[in-house]
Amino acid sequence: MQPGFSILCFQASADLPFLVFYQRKGVMHAAASLLNSSNLSLRFASQTQTRLSPWIAAPSSVRLPLNRSQNYRIALPPLHSTVSGDSTQPQQMASADVKAQDPRIAGISSAIRVIPDFPKPGIMFQDITTLLLDTKAFRDTIDLFVERYKDKNISVVAGIEARGFIFGPPIALAIGAKFVPMRKPKKLPGEVISEEYSLEYGKDVMEMHVGAVQAGERALIVDDLVATGGTLSAAIRLLERVGVHVVECACVIELPELKGRERLGEKPLFVLVS
Amino acid sequence: MSAYKDKDARINGIKDQIRVVPNFPKPGIMFQDITTLLLKPKEFKDTIDMFVERYKGKNISVVAGIEARGFIFGPPIALAIGAKFVPLRKPKKLPGKVISEEYILEYGRDCLEMHVGAVESAERALVVDDLIATGGTLCAAINLLERVGAEVVECACVIELPDLKVCYVAKFSRQF
């Protein structure tokens with residue numbers, strides 16, 4: 001273990017999930033695993049791993065056999081830090097007060113499945129397809145966004161291909177806004193405007209139909225997850241180029257360690273789960 | 001089974017919002033563009049309402065939407081009728097364990113995937129896409145669902161291209 005990184009692991013009883021606490025940069029974090037206790041497997045990802053719950057970030061030299069059974073997020077209660085050092089918890093403070101206390105959040109969070117090593121080793125993929133199988137949690141997800149945006153005079157909901165197409169249209173329909181798909185190149189049939197953006201390796205392009213939105217319209221951008229913020233930034237630029245005011249970006253999930261919120265700068269970001 | 005033709009005043013409004021883009025994706029194709037329909041809240045809502053009115057109360061527990069435009073129409077229908085939404089995707093997009101169904105294109109083949117465990121045996125399912133052309137993609141979707149024991153009650157599309165022969169006769173619900 002590296003200095004300053006300590007780990008404590010306990011299990012209250014054979015039937016309870018393992019609850020693991022670890023200290024990182026002076027901040028106490030907790031993560032829980034739904035792994036079967038008789039088949040103990042904790043996945044230790046590399047230091048660059050950003051998705052902390054329900055997995056633990058640790059030096060990559062520590063590896064245990066991976067249990068590939070379905071693993072779900074756990075909505076954690078606010079922590080009481082009992083270790084020395086900074087007791088602030090940035091990722092919790094990044095969440096709006098309302099949603100941190102909304103009782104629907106726990107059900108939404110726990111319906112999201114984490115898939116290790118997808119699309120490549122080291123990535124802990126946040127899979128929302130399991131949320132879509134939970135009719136109550138899916139409806140709650142949409143309701144939470146609709147409650148926030150319905151009286152904000154938003155006339156455009158832009159959804160980013162492809163998972164933004166799942167959450168955007170129900171929100172648009174409920175608030176009476178139009179839905180505008182933001183797509184990969186060559187998918188939209190009409191005249192488009194394009195915005196290039198950077199990926200970890202290389203570049204990609206996002207497109208929007210010319211004439212879909214008008215100058216002066218107020219827009220919401222929707223995607224399932226914000227990581228580095230690169231895709232959302234490209235969507236913001238596309239809309240602002242045609243004179244639209246982007247009121248907010250809305251995602252189900254945020255990966256706070258990837259600092260997408262910072263990359264969006266002054267543009268507000270609202271997430272349900274982080 | 002164009003159940004709504006000439007009988008529902010909303011149909012013409014919906015039809016008028018669909019834009020035809022010539023020569024996309026290649027010369028000779030008249031592409032039916034539903035993005036313009038999505039820009040009209042009333043007509044978009046009417047589209048969803050017409051599907052919901054048909055399928056609520058039919059004990060449908062699964063709405064399967066075909067990537068990517070089926071993702072736009074499927075979820076609002078699923079939410080309104082209390083069904084789960086299952087995305088059917090191109091290869092390598094779904095992160096978990098999948099089952100795959102290959103199907104024939106005009107030139108070559110493609111593949112549709114669904115998560116293992118998303119649908120249980122004996123569930124009643126609706127398949128949704130924006131448009132049916134040859135029916136190849138819908139057939140693959142039906143096969144995927146039937147392979148896990150689900151009953152495909154109907155396929156629902158906004159648009160049908162009448163001049164292309166449907167290659168597999170299943171239960172289709174057509175709006176136009």
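Only a predicted model underlies this, so the values are computations on that prediction, with no experimental measurement involved.
When heavy atoms are compared at a cutoff of 4.5 Å, B/P87 approaches chain A solely by way of its side chain, counted from C-beta outward. Neither the backbone nor the side chain of B/A80 comes within contact range of chain A, judged by heavy atoms closer than 4.5 Å. Neither the backbone nor the side chain of B/L37 comes within less than 4.5 Å of any heavy atom in chain A. For A/K136, no part lies near chain B; criterion is any non-hydrogen pair under 4.5 Å. For a residue to count as touching a neighbouring chain, one of its non-hydrogen atoms must lie under 4.5 Å from one of that chain's; by this rule B/K92 touches chain A with the backbone only. Looking at A/L131, there are no atoms closer than 4.5 Å to chain B (heavy atoms on both sides), in backbone or side chain.
Looking only at heavy-atom pairs under 4.5 Å with chain A, the residue among B/F44, B/F73, B/F31 that has the most is B/F44. Heavy-atom pairs under 4.5 Å with chain B peak, among A/G176, A/P181, A/A212, at A/A212.
For residues 73-84 of chain B, every residue pair satisfying the side-chain hydrogen bond (donor to acceptor under 3.5 Å, both in side chains) rule, not counting sequence neighbours, is listed here: B/K84-B/E123.
The minimum heavy-atom distance linking A/F138 with B/L79 is given by the pair CD2-CD2, 3.6 Å. Between B/L39 and A/F179, the shortest heavy-atom contact is CD2-O, 3.9 Å. Of all non-hydrogen atoms in A/A162 and B/E67, the two that sit nearest each other are CB-OE2, 4.3 Å.
Once rounded to the nearest 0.5 Å, the distance linking NZ of B/K97 with CD1 of A/I115 reads 12.0 Å. Once rounded to the nearest 0.5 Å, the distance linking CZ of B/R89 with CZ of A/R163 reads 5.5 Å. The structure places NE2 of A/H209 at 5.0 Å from CG of B/D33, a figure rounded to the nearest 0.5 Å. Between the OG1 atom of B/T35 and the NZ atom of A/K187 there is a distance of 14.0 Å, given to the nearest 0.5 Å. Summarising the geometry, atom CZ belonging to B/F85 is positioned 10.5 Å from atom CG belonging to A/L133; distances are rounded to the nearest 0.5 Å. Rounded to the nearest 0.5 Å, atoms CZ (A/F165) and CG (B/L38) are 9.0 Å apart.
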